[in-house]
> 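If you scroll down you'll find the structure; I have some questions about it.
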Amino acid sequence: MKQVTNSILMIRPVAFRMNEQTTVNNYFQKELKEMLPSAVNARAQKEFDDFVAKLSQVGVNVIVVEDTKETDTPDSIFPNNWISFHQNGDVVLYPMFAENRREERREDILDIVEEKGFVIENIVDFTSAEEDGLFLEGTGSMILDRANAKAYCALSPRANEELFIEFCEDFDCAPVIFEAFHTVDGRKELVYHTNVMMSVGEHFAIICVDMIEDKKERKMVLDNLRADGKEIILINEKQVNHFAGNVLEVSGTDDKRYIVMSNAALDSLSANQKNQLEKYGTILNVELQTIETCGGGSARCMMAEIFL
């Protein structure tokens, strides 16, 4: 199985804003009160368009789908939470915590992907779990090490343990389960998505182990990464708050590797951390300040990898 792909699905926002339904457990979101909603959306669109242009320039195949105004989907810019595309031809649809995020799931997006020449064999649909109040938000909730048949998951209101294990059984991967906490106004809260504190590339892993308070769980996660030969790049919680964990390795022209992150993430890294990463690819950084501030997600969340 490949760990890195050249093809990415991205959704261009039409009504981007801070989603009031997700702020209850996404403590990374903040409201830009001094800006009109139309101005926030315009800024998010510019950041999005510049991001797509940068990826395309280095040979990443980006499929851009415009969001629709017919639904109230302020978080549509983060498609990796509701869909994933797998090498065996499977497409997985995931149960979403926020009701307005469920509207992001659109059949026509699958049609567009197929029109681009990809073959969808089968749809694996976990969305009925929403009726039971159980959620698993795609590659936000889970970090897939496809090449080593492992999946990492920090349990949270958006990452249910039973659903995660069911996913791992369906896709023949070993579950690595833990809890990760970050500090919010002086109290400890479960981190809402695993992919803000952890990223797994082909030969490296970025992780904030300080957020895994249980020593056995911390050791288990690190042991798994080391067993698969990953170079571990440790980040701290302050760097997590700048989205230094929300990173994705992609391939461009001639399989040249790029490590994609926001300007804020890059600026938070030390010279040593940058050197560690640059062994494995060229850092491709983009300005995402509006999207990060209002959306509480960054570069990795915006890219749904296509392995079909």
Side-chain angles (χ1 to χ4, degrees), residues 8-58 60 62-83 96-98 100-101 103-104 106 109 112 137-140 184 192-193 195-196 199 238-248 250 258-269 283-304:
I8 301 288
L9 168 72
M10 294 178 71
I11 310 294
R12 189 174 190 269
V14 295
F16 177 80
R17 66 168 194 277
M18 189 185 89
N19 186 354
E20 59 291 339
Q21 292 188 16
T22 55
T23 52
V24 293
N25 55 25
N26 177 348
Y27 304 101
F28 293 84
Q29 288 172 270
K30 295 172 190 68
E31 199 167 3
L32 290 172
K33 288 178 180 163
E34 71 283 3
M35 285 177 70
L36 290 168
S38 58
V40 170
N41 185 63
R43 273 207 351 210
Q45 283 180 330
K46 183 178 188 314
E47 290 174 1
F48 178 93
D49 293 341
D50 291 349
F51 189 0
V52 170
K54 270 200 161 178
L55 288 169
S56 302
Q57 277 161 10
V58 298
V60 179
V62 186
I63 298 174
V64 176
V65 178
E66 191 94 13
D67 190 17
T68 169
K69 284 195 168 140
E70 289 160 26
T71 51
D72 176 35
T73 46
D75 278 335
S76 61
I77 201 166
F78 304 130
N80 81 308
N81 299 146
W82 69 265
I83 193 165
M96 304 294 290
F97 173 83
N100 63 7
R101 293 214 63 189
E103 300 288 326
E104 294 172 32
R106 287 164 43 194
I109 291 174
I112 292 164
E137 297 195 333
T139 54
V184 183
Y192 82 106
H193 274 163
N195 78 358
V196 293
S199 171
K238 192 175 176 187
Q239 292 173 315
V240 168
N241 292 335
H242 288 97
F243 296 101
N246 201 240
V247 168
L248 185 66
V250 299
Y258 295 89
I259 298 163
V260 185
M261 66 183 73
S262 71
N263 288 353
L266 181 61
D267 292 345
S268 77
L269 296 178
I283 293 175
L284 190 152
N285 53 298
V286 289
E287 181 52 65
L288 296 174
Q289 189 189 357
T290 311
I291 292 165
E292 288 177 333
T293 303
C294 292
S298 188
R300 195 278 166 265
C301 302
M302 295 170 67
M303 297 180 282

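Excluded from the calculations below are hydrogen atoms, water molecules and symmetry mates; all remaining heavy atoms, backbone and side chain alike, are included.
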> How many angstroms lie between atom CD1 of Ile83 and atom CD of Glu104, to the nearest 0.5 angstrom?
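Going from CD1 on Ile83 over to CD on Glu104, the span is 11.0 Å.
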
> Not counting sequence neighbours, which residues clear salt bridge (Lys or Arg N to Asp or Glu O under 4.0 Å) with Asp49? List them please.
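Checked Asp49 against salt bridge (Lys or Arg N to Asp or Glu O under 4.0 Å); matches are Arg12.
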
> To the nearest 0.5 Å, tell me how far Asn246 CG sits from Asn195 CG.
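It comes to 4.5 Å.
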
> Might you point out which heavy atoms bring Val247 and Arg300 nearest each other, and give the distance in Å?
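Between these two residues, the closest heavy atoms are O-CG, 3.4 Å.
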
> Answer yes or no: is there a side-chain heavy-atom contact under 4.5 Å between Leu288 and Met302?
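In short, these two side chains touch, coming nearer than 4.5 Å.
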
> Flag the pair Gln239 / Asn241 as yes when at least one side-chain heavy-atom distance between them is below 4.5 Å, and no otherwise.
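A side-chain contact is absent here, since even the closest heavy-atom pair is not under 4.5 Å.
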
> Working to the nearest 0.5 angstrom, can you tell me the gap between Lys54 NZ and Leu284 CG?
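Between atom NZ of Lys54 and atom CG of Leu284 there are 6.0 Å.
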
> I'd like to know whether Ile11 forms a side-chain contact (heavy atoms from CB on, under 4.5 Å) with Phe78, so could you lay out the CA-CA distance, the side-chain angles of the two residues, the decisive distance to 0.1 Å, and finally the verdict.
CA-CA 7 Å; Ile11 310 294; Phe78 304 130; over 6 Å; no

> Would you say the side chains of Ser298 and Glu292 form a donor-acceptor pair under 3.5 Å?
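Judged by distance alone, the side chains do pair up.
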
> Could you measure the distance from the CD1 atom of Ile63 to the CD1 atom of Ile8? Nearest 0.5 Å is fine.
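Answer for the CD1-CD1 pair, Ile63 versus Ile8, is 9.5 Å.
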
> Could you check whether any side-chain heavy atom of Leu55 comes within less than 4.5 Å of a side-chain heavy atom of Met10, counting everything from C-beta outward?
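Yes, their side chains come closer than 4.5 Å.
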
> Can you list everything that forms a side chain to side chain donor-acceptor pair (under 3.5 Å) with Asp50? Sequence neighbours excluded, please.
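Per chain and number, Asp50 pairs via side chain to side chain donor-acceptor pair (under 3.5 Å) with Lys46.
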
> Roughly how far, to the nearest 0.5 Å, is the OG atom of Ser76 from the CG atom of Asn81?
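Output value for this atom pair is 11.5 Å.
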
> At their closest point, which heavy atom of Pro79 faces which heavy atom of Ala304, and how far apart are they?
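Of all heavy-atom pairs spanning Pro79 and Ala304, the closest is CG-CB, 4.1 Å.
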
> Taking atom types as modelled and ignoring hydrogens, do the side chains of Ser262 and Glu287 form a donor-acceptor contact shorter than 3.5 angstrom?
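Note: Ser262 and Glu287 side chains miss the donor-acceptor criterion.
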
> Output yes when a side-chain donor or acceptor of Tyr258 lies under 3.5 Å from a complementary backbone atom of Val60, and no otherwise.
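Not a single qualifying donor-acceptor pair exists.
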
> Does a donor on one side chain and an acceptor on the other come within less than 3.5 Å for Thr290 and Glu47?
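Present: a donor and an acceptor within the cut-off.
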
> Rounded to the nearest 0.5 Å, what's the gap from CD1 on Ile291 to CD1 on Ile77? Could you check?
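Output value for this atom pair is 3.5 Å.
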
> Please name all residues satisfying side chain to side chain contact (heavy atoms under 4.5 Å, CB included) with Lys69, sequence neighbours left out, ordered by chain then number.
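Lys69 satisfies side chain to side chain contact (heavy atoms under 4.5 Å, CB included) with Val14 once adjacent residues are dropped.
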
> Would you indicate whether the side-chain heavy atoms of Met303 and Asn80 approach each other to under 4.5 Å?
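No, side chains not in contact.
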
> Ser199 and Gly245: which non-hydrogen atoms are nearest, and at how many Å?
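Of all heavy-atom pairs spanning Ser199 and Gly245, the closest is CB-O, 3.5 Å.
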
> Examine distances only and state if a side-chain atom of Glu137 and a backbone atom of Trp82 form a donor-acceptor pair shorter than 3.5 Å.
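Such a contact is absent between Glu137 side chain and Trp82 backbone.
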
> Side chains of Pro13 and Asp67: closer than 4.5 Å at any heavy-atom pair?
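Answer no - side chains too far apart.
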
